[in-house]
Amino acid sequence: MRPFPEPDPGEPALGSPGRYLLWLASAHRASAVLAVGYGVLCTLAQAFVPAAIGRGIDRGLVAADRGALVAWCAVVLGLGVTQAVTGTLRDRCSVTNRFGASYRTMQLVTRKAARLGAELPRRVSAGTVVSVGATDITRIGAALESTARGGGAVVSVAVVAGVMLTASWQLGLVALVGVPLSAAVVAALMRLLHARQHELRKEQGALADLAVDIVDGLRVLRGIGGERVFADRYRERSQRVRHEGVRVAGVESSVAAGRLLLPGLLVAVIVWLGAHFVGTGRMSPGALVAFYGYAVFLAEQLRRATSMVDQLTRAFVAARMVTDLLAMEPGLGSGDRDLDAEAARGTLRDPGSGLEIPPGRFVAVACDRPDDMLLLADRLGRYVESPVTLGGTPLAEFPLAEVRRRILVVDHDARLFSGGLGSQLDPHGRAGGADSTADGTADRLRRALDTASAHDVVEALPEGLGQEISGGREFSGGQRQRLNLVRALMADPDTLVLVEPTSALDAHTEARIAERLGAHRRGRSTVVFTTSPILLDRADHVVLVEEGTVVAEGRHGELLADARYRAVVTREVTTA
């Protein structure tokens, strides 16, 4: 696939929807040109049918010439066959353009999302991304598909208007004035429609954001009885979307009325004038039939042209959302210093907080503020800019991809993907394959399942590891936590950072995991952010962080003598 041109510093980045649509058209240049070419041939064949019928009437029926009648009938048949063949080829190319543009846009959006990684949810709402994938991509494809019919309509209108001017300048002039006037009125309505659709699109994105939040937090909402509050909030937002939708529908109805009424009036005027000319002997009956056919043809082609404008208007709105997303660049830079296995086993240190992770140790970190857990984990994994060093070298000097491979951060929002469970648990996708036993993947997976106490989760599924899952929605919160831990253990990074990995588990299951985790990760660095006494008791080293700074270190039993530590771990309330 040809790369999308990088933004010129002197231009408004990728903010031009028209530029993006033109790039998509050029990416499918062959099929786009063929589609428009076939569209022109198809509509021209249709445009010449009234002329052929008129000639057949005048030279065959009126003149009582059987041979001429048969000949012109053959011409009409030939034009019909041409129209059918070129119309089929046009539609074939149009569909190619539609799906090509849609899938190419999907590829770019997916690639950009993967490139932004963890930065994406911080900069774009989930509802916006969902709307781009569900609505905007479809509209862009539909716009490219419409250019074949719309382009043919524009060319045929110009040709037919010229023919009408040649046959009768009066009727031709009516057509030349009426068609642009009708198009101008509809175009004015289209501009208003464009603005209303943009507002509706923003409201739909906000509603999608709210829906995603409700679905993600449904379990918590039920626990605290907040369903009604969020239901009222969703109802209020949905009514705003409905209001904007009604406003858009009002303009759309005006556009539809204009597309039907204005061409209809034009046809009526042309037929009335043509009948007058026939009555005065200034036009033959066949010419009148031809002009009537031209008028009906023009009305249909005008509707097609305005429909193309409508599709392009929607595509401009959609393309703006897509280009806004594509214009985003990762905020984190990537260094070029080699990060080999030896360098990855160095001490991980955060100067900002004073937190140090010695190589090969199981370290538990207890924070007095839950937000500090996520912040420190992001620093250690370099998901935000920070002065964290590895073996004395700033993480910023290493390639970002290598940092991600060597340091794995798993927070409590980690998700499973759709697909076979075995392939989701093994980052390399070998679990359950024919060679999984030979390369030891099956043994490593069994050990990871045992460490995470997740055998019962797999055994409860009808097809075990081969079970198809839909993003983990079929599992409870505790089951998802255990499966996420299995996936993290299978990745086997040099440093594993876990944030509240057992917060949704019962005490017995948590105790089994705490007992086995250190042994499973022996020789590798493991950092667990938690306030669970069970995990803290099994750690080699415990660090207490208060207000973002390390204030105490030691073993769990030793730190219990510190009132600050007890207040965080045992929820003991201290009094001044």
Side-chain angles (χ1 to χ4, degrees), residues 35-58 72-91 94 146-187 255-278 283-311:
V36 174
Y38 288 135
V40 170
L41 291 176
C42 179
T43 51
L44 287 179
Q46 183 182 359
F48 290 135
V49 168
I53 292 176
R55 293 296 179 88
I57 291 174
D58 286 340
W72 284 108
C73 286
V75 171
V76 172
L77 177 62
L79 290 172
V81 171
T82 301
Q83 181 183 350
V85 172
T86 54
T88 301
L89 295 174
R90 174 201 62 197
D91 291 344
S94 296
S146 69
T147 55
R149 292 177 181 270
V154 172
V155 172
S156 62
V157 165
V159 171
V160 169
V163 171
M164 295 176 73
L165 273 177
T166 303
S168 172
W169 69 268
Q170 296 95 334
L171 294 182
L173 187 60
V174 170
L176 287 180
V177 173
V179 169
L181 183 60
S182 301
V185 173
V186 174
V255 171
R259 289 166 58 185
L260 290 173
L261 178 62
L262 297 178
L265 291 175
L266 180 61
V267 170
V269 171
I270 290 176
V271 172
W272 183 84
L273 287 175
H276 175 69
F277 289 162
V278 171
M283 181 180 291
S284 66
L288 176 60
V289 172
F291 264 84
Y292 174 77
Y294 290 147
V296 174
F297 173 80
L298 284 176
E300 174 61 27
Q301 299 312 309
L302 182 59
R303 283 195 292 271
R304 286 188 178 183
T306 54
S307 176
M308 177 184 68
V309 174
D310 182 25
Q311 294 284 0

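Only a predicted model underlies this, so the values are computations on that prediction, with no experimental measurement involved.
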Colleague: Once side-chain contact (heavy atoms from CB on, under 4.5 Å) is applied, do any residues pair with Leu89, and if so which ones, sequence neighbours excluded?
Modeller: Tyr38, Val85
Colleague: Can you name the closest pair of heavy atoms from Gly56 and Trp72 and give their distance?
Modeller: CA-CB, 3.7 Å
Colleague: Would you mind writing out the side-chain donor-acceptor pairs for residues 157-164 within the sub-3.5 Å range, not counting sequence neighbours?
Modeller:
none

Colleague: Using salt bridge (charged side-chain N to carboxylate O under 4.0 Å, His left out) as the criterion, list what pairs up with Asp58, not counting sequence neighbours.
Modeller: none
Colleague: At what distance, to the nearest 0.5 angstrom, does CD of Gln83 lie from CG of Leu44?
Modeller: 10.5 Å
Colleague: Can you name the side-chain contact (heavy atoms from CB on, under 4.5 Å) partners of Thr88, sequence neighbours left out?
Modeller: none
Colleague: Could you pull out the closest heavy-atom pair between Met308 and Val154, with the gap in Å?
Modeller: CE-CG2, 4.5 Å
Colleague: Output all residues satisfying side-chain contact (heavy atoms from CB on, under 4.5 Å) with Ile53, sequence neighbours left out; order by chain, then residue number.
Modeller: Val49, Ile57, Val76, Val289
Colleague: I need the full list of side chain to side chain donor-acceptor pair (under 3.5 Å) pairs touching residues 148-162, with sequence neighbours left out, sorted by first then second residue.
Modeller: Asp91-Arg149
Colleague: Tell me every residue that passes side-chain contact (heavy atoms from CB on, under 4.5 Å) with Ser94, counting only those two or more places apart in sequence or in another chain.
Modeller: Ala35, Arg90, Glu145, Ala148
Colleague: How about Val75 and Leu79: do any of their side-chain heavy atoms sit closer than 4.5 Å?
Modeller: yes
Colleague: With sequence neighbours excluded, what pairs up with Arg55 under the salt bridge (charged side-chain N to carboxylate O under 4.0 Å, His left out) test?
Modeller: none
Colleague: Just grab all the salt bridge (charged side-chain N to carboxylate O under 4.0 Å, His left out) pairs involving residues 157-173, residues at least two apart or on different chains.
Modeller: none
Colleague: Scan residues 75-85 for pairs that pass salt bridge (charged side-chain N to carboxylate O under 4.0 Å, His left out), counting only residues two or more places apart or in two chains.
Modeller: none
